[in-house]
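Working notes, structure below.
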2 protein chains.
Amino acid sequence: MNVQLEDTCGKREAVLNSTLSLLRKHGFHGTPMSQIAKHASVAAGTIYHYFESKDALILELYVHVKNKLALAVMAGDDEHQTYKERFFNCMLNQYNFYIENEDSLVFLEQYVNSPYANQHPEIDSQLFVDKVISFFKYGIENAYFKNIDSRLLAPTIKGTLVAAAYFQLSQHMVFSKDDIIEVINVIWDGIKKQ
Amino acid sequence: MNVQLEDTCGKREAVLNSTLSLLRKHGFHGTPMSQIAKHASVAAGTIYHYFESKDALILELYVHVKNKLALAVMAGDDEHQTYKERFFNCMLNQYNFYIENEDSLVFLEQYVNSPYANQHPEIDSQLFVDKVISFFKYGIENAYFKNIDSRLLAPTIKGTLVAAAYFQLSQHMVFSKDDIIEVINVIWDGIKKQ
DNA sequence: TTGTACCGAATGAACGTTCAATTAGAAGAT
DNA sequence: ATCTTCTAATTGAACGTTCATTCGGTACAA
């Protein structure tokens with residue numbers, strides 16, 4: 001078995017968390033491995049025990065964060081509810097995940113707009129594809145949405161929500177739950193059939 | 001007068017354009033000054049004649065690009081048209097600017113999600129604020145939009161459009177003008193009064 | 001003669017990564 | 001229980017490279 005990859009005392013996790021936290025304030029080029037090591041209370045060499053390189057660390061962090069996002073978004077999903085109810089639940093979950101995990105939001109946005117995403121389009125969270133993407137595919141196939149190019153739906157929905165969450169965080173303000181429901185309504189009114 | 005900032009034979013502009021182009025493929029940390037100099041056919045030292053540092057170069061590039069965006073978005077704006085017509089014109093202009101200036105789109109997205117934007121929130125294009133922001137303020141004040149928090153409108157609108165444009169570029173596909181009109185309709189249906 | 005534009009080799013700091021050495025702990029033997 | 005052995009985990013100083021920036025110098029225009 002891969003005993004050497006088991007991360008017995010949580011140092012791997014500590015490195016991932018420290019990287020996430022430092023990346024937000026200083027960006028990728030402003031976050032040296034030495035600083036990650038210090039923040040994670042780990043020697044520089046230890047990072048290379050768990051990750052092949054700084055690039056590999058970033059890629060694994062991306063999958064790590066997106067896995068957590070997928071779990072959060074689909075939390076409490078109930079197939080007996082109407083599709084609209086399920087949609088609102090997912091959207092609210094997603095929004096809350098972002099504002100409760102600011103570092104994750106900023107990192108995900110940095111990542112998708114970075115050369116990493118372009119150079120490694122095959123890297124993604126299997127969990128996210130299986131759960132979240134599938135949910136929207138279901139909505140498209142069962143015609144809950146307007147008849148627009150299905151490839152346009154995901155970015156349209158995501159863009160609005162991320163923009164709102166990002167705005168809230170960057171402006172250090174708080175929107176009420178009703179404000180957010182209103183935003184989700186904007187999305188829903190925009191894309192729903194009819 | 002600032003004769004030393006006049007850029008007699010276009011080297012300043014060349015540096016800005018080269019930076020924009022290189023940043024897209026390699027990101028900030030992957031784009032050394034030496035490479036920018038080579039790409040712009042300029043000596044490394046020359047860059048420092050026009051820009052105080054690499055950071056200053058990025059900041060000035062941001063304003064430069066956003067100025068061009070502002071001009072493009074408001075092109076052909078006609079105050080005699082209905083607000084909806086003007087809105088569609090702006091949105092279409094913005095979308096077209098993005099897909100005709102991929103480097104600019106990627107850079108702007110990279111920038112707003114980078115520590116630069118957080119550390120220099122005061123830096124922006126005066127032209128953009130005066131023209132584009134004003135146009136949306138007008139729409140809010142005259143109640144063309146739903147009664148949602150006005151601070152939520154801009155990110156909501158922008159997010160959708162940028163996401164669609166970014167998606168088109170990242171997937172190397174082409175949406176027809178009708179497809180885009182449809183996206184703008186999604187936005188309009190979402191935010192318009194009633 | 002003075003100052004601006006420009007050059008590109010040189011500089012020094014910072015960085016990602018390596019590696020020889022040390023520790024920790026588990027498994028096996030006595 | 002105790003000792004032995006083996007391997008994974010960890011350390012941090014050292015290495016070689018790369019990079020942003022500097023600076024002494026040239027060319028040219030006013």
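Every value quoted in this text rests on a predicted model; they were computed, and no experiment measured them. The sequence lines fix the lettering, A, B, ..., with proteins before strands; numbering per chain opens at 1.
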**OP:** Let me know the distance between NE2 of A:His49 and P of C:dG16, rounded to the nearest Å.
**Re:** 20 Å
Subject >> Distance, rounded to the nearest Å, where B:Ile47 contributes CD1 and D:dC19 contributes P >> reply: 13 Å
Original post:
Of the candidate nucleotides C:dT17, C:dC7, D:dT11, which contains the atom at the shortest distance from the side chain of B:Lys11?
Top reply: C:dC7
Subject >> Closest nucleotide among C:dT17, C:dC7, C:dA5 to the A:Lys54 side chain >> reply: C:dT17
**OP:** Go through the steps to decide whether A:Lys66 and A:Asp124 satisfy the test salt bridge (charged side-chain N to carboxylate O under 4.0 Å, His left out), and finish with yes or no.
**Re:** CA-CA 8 Å; A:Lys66 201 113 182 249; A:Asp124 214 320; 3.2 Å; yes
Subject >> Spacing between A:Ile58 atom CD1 and C:dG16 atom C1', to the nearest angstrom >> reply: 13 Å
Subject >> Distance in angstrom units between A:Ile36 CD1 and C:dA14 C1', rounded >> reply: 15 Å
**OP:** Could you work out which one of C:dC7, D:dT21, C:dT17 sits closest to the side chain of A:Tyr48?
**Re:** C:dT17
Original post:
More 5' along DNA chain C: A:Glu52 or A:His29, using each one's nearest nucleotide?
Top reply: A:His29
Original post:
Are the aromatic rings of A:Tyr83 and A:Phe135 close, with centres under 6.0 Å apart?
Top reply: yes
Subject >> Nucleotide nearest A:Ala44 when distance is taken to its side chain, options C:dT17, D:dT10, C:dC7 >> reply: C:dT17
Subject >> B:Phe97 backbone acceptor or donor facing B:Asn101 side chain under 3.5 Å >> reply: yes
Original post:
Would A:Lys177 count as a cation-pi partner of A:Tyr95, with NZ or CZ less than 6.0 Å from the six-membered ring centre and within 45° of the ring normal?
Top reply: no
Subject >> Given DNA chain C, 5'-ward residue of the pair A:Thr46 and A:Thr31, judged by closest heavy atom >> reply: A:Thr31
Original post:
What is the distance from CZ of B:Arg12 to C1' of C:dA5, rounded to the nearest Å?
Top reply: 15 Å
Original post:
B:Tyr116 and B:Phe28: aromatic ring centres closer than 6.0 Å?
Top reply: yes
Subject >> Nearest-angstrom distance from the residue atom CD of B:Gln35 to P of C:dG8 >> reply: 17 Å
Subject >> C:dC6 phosphate, OP1 or OP2, under 4.0 Å from B:Tyr50 side-chain N/O >> reply: yes
**OP:** Measure from CE on B:Met33 to P on C:dA9 and round the result to the nearest Å.
**Re:** 17 Å
Subject >> Residue A:Pro32, side-chain heavy atoms: nucleotide from D:dT10, C:dG16, D:dT22 that is nearest >> reply: C:dG16
Subject >> Interatomic distance, A:His26 NE2 vs C:dA14 P [rounded to whole Å] >> reply: 15 Å
